[in-house]
Amino acid sequence: MRGDNQSCFWDTPKDFILLGISDRPWLELPVFVVLLVSYILAVLGNISIILVSQLDPQLHSPMYIFLSHLSFLDLCYTTTTVPQMLFNMGSSHKTISYGGCTVQYAIFHWLGCTECIVLAAMALDRYVAICEPLRYAIIMHRPLCQQLVATAWLSGFGNSLVQVVLTVQLPFCGRQVLNNFFCEVPAMIKLSCADTTANDATLAVLVAFFVLVPLALILLSYGFIARAVMKIQSSRGRRKAFGTCSSHLLVVSLFYLPAIYMYLQPPSSYSQEQGKFISLFYSIITPTFNPFIYTLRNKDVKGALRRLLARTGRLCRR
């Protein structure tokens with residue numbers, strides 16, 4: 001009897017059922033269309049940002065090094081989750097294998113953590129550009145930018161590795177239904193039938209470190225920026241300085257507000273029903289908006305896109 005209980009306790013399901021909105025079948029078609037259009041826009045927009053940042057000589061400054069990495073992160077972010085969501089919404093079998101689920105939440109948390117640090121590096125770049133303009137080229141040199149980006153990717157990987165090691169050890173006692181659109185760590189912890197105190201505590205500590213610390217650095221940077229901008233005498237100069245930061249601030253808000261709501265609430269108050277729609281927002285809506293925010297509010301990017309399109313048109317006419 002004891003052996004049977006242990007077998008049940010540690011039995012790992014072969015598949016998980018991703019509930020999504022299957023309990024609201026009338027919503028599936030509209031959400032499918034929104035996801036498909038958003039995914040296409042996210043892919044096209046982020047690839048465009050990556051291409052112009054790499055191909056246009058005028059966009060080889062540190063800001064655009066970070067922006068190209070942010071676009072690559074958003075491209076991977078959506079590709080990790082959205083194709084699976086689209087497939088499940090168009091199929092009667094809304095399942096994902098145990099291995100596929102593990103890979104999905106491992107990559108998802110790796111990319112999410114990396115993006116937190118890249119956004120902090122972008123805030124540092126804006127701080128140096130506005131508060132130390134004469135020393136900008138000396139401080140924000142290319143090797144430093146590469147080191148910051150490498151630190152972001154390695155830190156994100158370390159965070160993901162810890163989360164995966166702890167989560168794969170959780171038993172599910174035959175439970176298979178995930179009330180979510182895709183696999184992520186909070187939903188897996190909620191599904192487990194074991195005591196998840198250690199997982200909850202580890203998730204809280206890692207999120208506090210990788211979300212709140214970069215956010216504090218971003219806010220501190222913008223505090224110094226605001227003080228420096230207020231000292232500028234001309235209103236035109238102030239508008240220009242705020243204009244260089246507004247796109248980044250908007251992207252930070254779109255990324256951090258859902259993440260804070262999702263990961264910094266107590267586990268006892270975590271609502272899977274609300275959580276899955278918050279997850280849907282930051283997994284597809286934010287990566288879709290980001291390239292358009294930077295394109296529509298940035299003259300350099302718009303100019304680079306026009307030059308790239310003109311060059312492509314000339315090549316096509318030959």
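The chain is numbered in sequence order, starting from 1.
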Donor-acceptor pair, Ser71 side chain versus Ile50 backbone, under 3.5 Å? no
Atom pair OH/CG of Tyr64 and Asp125 - distance to nearest 0.5 Å: 10.0 Å
Do Pro186 and Leu203 have side chains that approach each other closer than 4.5 Å (heavy atoms only, starting at C-beta)? yes
Residue pair Leu148 / His69, side-chain heavy-atom distance below 4.5 Å: no
Side chain to side chain contact (heavy atoms under 4.5 Å, CB included) between Leu111 and Ser160, intermediate numbers included: CA-CA 9 Å; Leu111 298 172; Ser160 177; over 6 Å; no
For atom CZ of Phe289, decide whether the heavy atoms of other residues, nucleotides or ligands shown that lie under 6.0 angstrom number more than 12. no
How long is the straight-line distance from CG of Leu75 back to OG1 of Thr80, given to the nearest 0.5 Å? 9.0 Å
Could you tell me how the ring of Phe108 sits relative to the ring of Tyr77: parallel (under 30°), tilted (30 to 60°) or perpendicular (over 60°)? parallel
Exceeds 12 heavy-atom contacts within 6.0 angstrom, atom CZ of Phe72: no
Would you compute the distance between atom NZ of Lys94 and atom CE of Met85 and round it to the nearest 0.5 angstrom? 13.0 Å
Closest heavy-atom pair and its distance - Phe181, Leu18: O-CD1, 3.8 Å
Hydrophobic cluster identity match, Val34 and Phe182, side-chain contacts under 4.5 Å: no
Pairwise side-chain contact, Tyr256 with Leu119, heavy-atom cut-off 4.5 Å (strictly under): yes
Does atom CZ of Phe281 have more than 12 heavy-atom neighbours, drawn from other residues, nucleotides or ligands, at distances under 6.0 Å? yes
If you measure from CD on Gln163 to OG1 on Thr202, what distance do you get to the nearest 0.5 Å? 7.0 Å
Going from CG on Leu178 to CD1 on Ile17, what distance comes out if it is rounded to the nearest 0.5 angstrom? 9.5 Å
How long is the straight-line distance from CD1 of Ile218 back to CZ of Arg126, given to the nearest 0.5 Å? 13.5 Å
Is there a path from Leu250 to Leu257 through hydrophobic residues (I, L, V, M, F, W, Y) whose side chains come within less than 4.5 Å of each other? no
Which heavy atom of Cys116 sits nearest a heavy atom of Pro214, and at what distance? O-CB, 3.6 Å
Can Leu161 be reached from Phe209 by stepping across I, L, V, M, F, W or Y side chains whose heavy atoms are under 4.5 Å apart? no
Over all heavy atoms of both residues, which pair between Ser221 and Ala123 is shortest? Give the atoms and the distance, please. CB-O, 3.9 Å
Could you walk me through whether Glu115 and Asp74 satisfy the side chain to side chain contact (heavy atoms under 4.5 Å, CB included) test, starting with their C-alpha distance in whole Å, then the side-chain angles of each, then the deciding distance to 0.1 Å, before giving a yes or no? CA-CA 8 Å; Glu115 185 156 337; Asp74 285 340; 3.0 Å; yes
Any Leu86 side-chain heavy atom under 4.5 Å of Leu36 side chain: yes
Side chains of Phe66 and Leu70, heavy atoms from C-beta outward: is any pair under 4.5 Å? no
Report yes or no: do Leu217 and Phe255 belong to one cluster of Ile/Leu/Val/Met/Phe/Trp/Tyr joined by side chain heavy-atom distances under 4.5 Å? no
Closest approach of Met188 and Cys101, non-hydrogen atoms and distance? SD-SG, 3.8 Å
Do the non-hydrogen side-chain atoms of Trp153 and Trp110 ever get within less than 4.5 Å of each other? yes
Heavy-atom distance under 4.5 Å between the side chains of Leu35 and Leu280, does that happen here? yes
Taking every non-hydrogen atom, the tightest pair across Thr286 and Leu254: OG1-O, 3.4 Å
Looking at every heavy atom in both Thr114 and Ala152, which two are closest together, and how far apart are they? OG1-O, 3.4 Å
Test side chain to side chain contact (heavy atoms under 4.5 Å, CB included) on Ile49 and Leu67; report intermediate values, then the result. CA-CA 8 Å; Ile49 294 287; Leu67 181 57; 3.8 Å; yes
Let me check something: do Ile107 and Val43 share a hydrophobic cluster, defined by ILVMFWY side-chain heavy atoms less than 4.5 Å apart, either directly or through other members? yes
Any donor-acceptor N or O pair under 3.5 Å, side chains Thr79, Tyr39: yes
Hey, mind stepping through Phe292 and Leu41 against side chain to side chain contact (heavy atoms under 4.5 Å, CB included) and telling me if it holds? CA-CA 9 Å; Phe292 295 98; Leu41 291 175; 4.2 Å; yes
Without swapping roles, check the side chain of Ser97 against the backbone of Asp15 for a donor-acceptor pair under 3.5 Å. no
